[in-house]
Amino acid sequence: MSMKPSMIRPPLSTTVAALPPSVPFVAPEAIERRTGSPLALRLGANESAFGISPGAQQAMRAAIAQTSWYADPENYDLRAGLAAHHRIDIDHIVVGSGIDGLLGLIVRAFVEPGTHVVTSLGTYPTFNYHAIGYGGTLQRVPYAADDRQDLERLSQNARALGARLVYLANPDNPSGTCHRAVDIDALLNSLPPDCMLALDEAYGEFASAEEVPTIRTDDPRLVRFRTFSKAHGMAGARIAYVIAHTDVTDAVNKIRNQFEVNRVAQAGALASLGDQTFITSVIDAVAAGRREYMALADRLGLPTIASSANFVCIDIGGADRARDILARLQRHGVFVRMPGEAPLSRCIRVTVGTAPQRAQFAEVFEGIVKGSS
Ligand SMILES: *Cc1c(COP(=O)(O)O)cnc(C)c1O
């Protein structure tokens, strides 16, 4: 039998050929395409309901006119602004297109086929996606009984496996739970000397001071991730950064896509960083929204998990019941998500919306829980 030349292709790399097909995120847009109708409420992806800083909008509009030019590949102005904000040297910062992209660079820098990495079973999944994509061997540690990530077991596993990388989101997604800064420091100290801690602080702005370790750049085993997607409300602009020892930032600079971050995003992020009044107002509005969701659940006799982020997990009592509530919410055009793994899969995760959005959610949710719809 003869094969047409067009049917021949080189084999995929061993690592990629072994990957299972996966859809890590089903987007609200995909739901709208499937149902053929627009969603009424978009509270499933922890996007900010409070928009972006007016100053950031203005800066982004001005930058559009210069979009014919490549953006500064060094992201210099933004890094200088971030360095002043965090009181660190500019060399400790690398800007990238979202934490999701930066996680890929850190994984690529430390993981090759067979490298062990450790994360929590059911936590934010992008780290896993990259770790598997670079051929790493993933160990997933179950959550502790208090719905928090089990720092002790993460560390034990890292030591037992000789892991090179431990991933921890703090505050965590999807639980919303958070560990104290002193416990994060203790985790770092307990890891083997050749193991990195990838500390994802996507929700760091919403956490209390005791929950966010002091910014330090002297430990080459710690890499922290911050983003403009959540408190700054710029998820669609794709811009975030890492803070790390120069050993790490030098390595990332060797492999990053130099022109990855666009001009509009750079300008917007810098302006947003300069508008801390706006960010504080978002943080306050989110805290009020969290309290309102907790009060709503309480009224309906449902427990909640204490959250240090911009969403709340409402305990529905079981995964089947949570799935059912999720489907009913979707029939009302309400997009929320639920954690995929026990013990958190007994919950639905609801992003804090504006006051009118919360009222709309409360009405639909209450009707569903009380069995009238
Ligand atoms: C939303 C989220 C991210 C994604 O951040 P981007 O900067 O938008 O890529 C990363 N980590 C966690 C824990 C998140 O919840």
Side-chain angles (χ1 to χ4, degrees), residues 24-28 42-50 52 56 75 78 82 93-107 119-131 140 143 147-149 154 165-179 184 197-207 211-212 223-243 252 256-257 260-262 265-266 268-269 272-273 279 282 286 290 305 307-313 335-341 344 347 349-352:
F25 300 96
V26 177
R42 183 168 167 140
L43 302 175
N46 303 339
E47 295 152 327
S48 179
F50 305 98
I52 68 171
N75 299 275
L78 177 58
L82 288 167
I93 298 167
V94 181
V95 175
S97 60
I99 291 179
D100 282 7
L102 290 164
L103 282 169
L105 292 176
I106 291 297
V107 168
T119 185
S120 300
L121 176 65
T123 189
Y124 189 71
T126 301
F127 173 76
N128 304 356
Y129 178 83
H130 290 304
R140 290 178 245 221
Y143 279 71
D147 294 319
R148 296 200 297 171
Q149 295 166 99
L154 286 168
L165 202 46
V166 170
Y167 172 79
L168 184 81
N170 197 64
D172 177 47
N173 177 13
S175 69
T177 57
C178 203
H179 284 283
I184 304 293
L197 175 62
L199 182 60
D200 181 341
E201 298 181 316
Y203 303 99
E205 292 91 342
F206 302 111
E211 293 169 330
V212 182
V223 53
R224 306 168 76 140
F225 298 81
R226 298 284 180 96
T227 184
F228 288 91
S229 293
K230 304 286 159 62
H232 291 263
M234 294 175 58
R238 313 305 305 132
I239 186 160
Y241 57 103
V242 298
I243 302 173
V252 171
R256 73 187 174 89
N257 180 3
E260 175 176 276
V261 182
N262 70 77
Q266 286 184 26
S272 187
L273 185 68
I279 301 305
V282 172
V286 164
R290 281 193 316 232
I305 298 177
S307 170
S308 301
N310 69 347
F311 56 87
V312 175
C313 272
F335 165 58
V336 301
R337 286 196 176 123
M338 64 179 278
E341 302 284 348
L344 298 168
C347 301
R349 189 199 66 185
V350 191
T351 307
V352 171

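The structure presented is a predicted model; accordingly, all values stated were derived computationally and were not measured. Start at 1 and go down the list; that is how both ligands and their atoms are numbered.
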Visitor: Any nitrogen or oxygen of Tyr203 lying under 3.5 Å from a nitrogen or oxygen in ligand 1? Just yes or no.
Guide: yes

Visitor: With a cut-off of 4.0 Å, which atoms of ligand 1 are near a heavy atom of Lys230?
Guide: 1 (C), 2 (C), 3 (C), 4 (C), 14 (C), 15 (O)

Visitor: Under 4.0 Å from a heavy atom of Arg238: give me the atoms of ligand 1 that qualify, with their elements.
Guide: 6 (P), 8 (O), 9 (O)

Visitor: Which atoms of ligand 1 sit under 4.0 Å from any heavy atom of Gly98?
Guide: 6 (P), 7 (O), 9 (O)

Visitor: For ligand 1, which part of Asn173 has a heavy atom less than 4.0 Å away: the side chain, the backbone, both, or neither?
Guide: side chain

Visitor: Apply salt bridge (charged side-chain N to carboxylate O under 4.0 Å, His left out) to Arg224 and list each qualifying residue two or more places apart in sequence or on a separate chain.
Guide: Glu201

Visitor: Taking all atoms of both residues into account, what is the closest heavy-atom pair of Val261 and Ala265, and its distance?
Guide: CG1-CB, 4.4 Å

Visitor: State, without any angle test, whether Asn262 and Arg238 hold a side-chain donor-acceptor pair at a distance under 3.5 Å.
Guide: no

Visitor: Does ligand 1 have an atom that lies less than 4.0 angstrom from a heavy atom of Asn46?
Guide: no

Visitor: Can you tell me which portion of Asp200 lies within the under-4.0 Å heavy-atom range of ligand 1? Options are side chain, backbone, both, or neither.
Guide: side chain

Visitor: Restricting to non-hydrogen atoms, name the atom on Ala169 and the atom on Tyr167 that form the minimum distance, rounded to 0.1 Å.
Guide: CB-OH, 3.7 Å

Visitor: Flag Ile99 as yes when one of its N or O atoms lies below 3.5 Å from any N or O atom of ligand 1, and as no otherwise.
Guide: yes

Visitor: Can you give me the closest heavy-atom contact between His232 and Ser272, atom names plus distance?
Guide: ND1-OG, 2.6 Å

Visitor: What heavy-atom pair brings Thr227 and Ile239 nearest, and what distance separates the two atoms?
Guide: OG1-O, 3.5 Å

Visitor: Among all protein heavy atoms, pick the one closest to atom 8 (O) of ligand 1 and tell me residue, atom and distance.
Guide: Ser229 OG, 2.6 Å

Visitor: Once side chain to side chain contact (heavy atoms under 4.5 Å, CB included) is applied, do any residues pair with Thr126, and if so which ones, sequence neighbours excluded?
Guide: Phe25, Asp100, Leu103, Tyr124, His130

Visitor: Starting from atom 4 (C) of ligand 1, find the nearest protein heavy-atom neighbour and note its residue, name and distance.
Guide: Tyr124 OH, 3.4 Å

Visitor: Which ligand 1 atoms are under 4.0 Å away from a heavy-atom of Thr227?
Guide: 6 (P), 7 (O)

Visitor: Can you tell if the side chain of Val286 reaches within under 4.5 Å of the side chain of Phe50, non-hydrogen atoms only?
Guide: yes

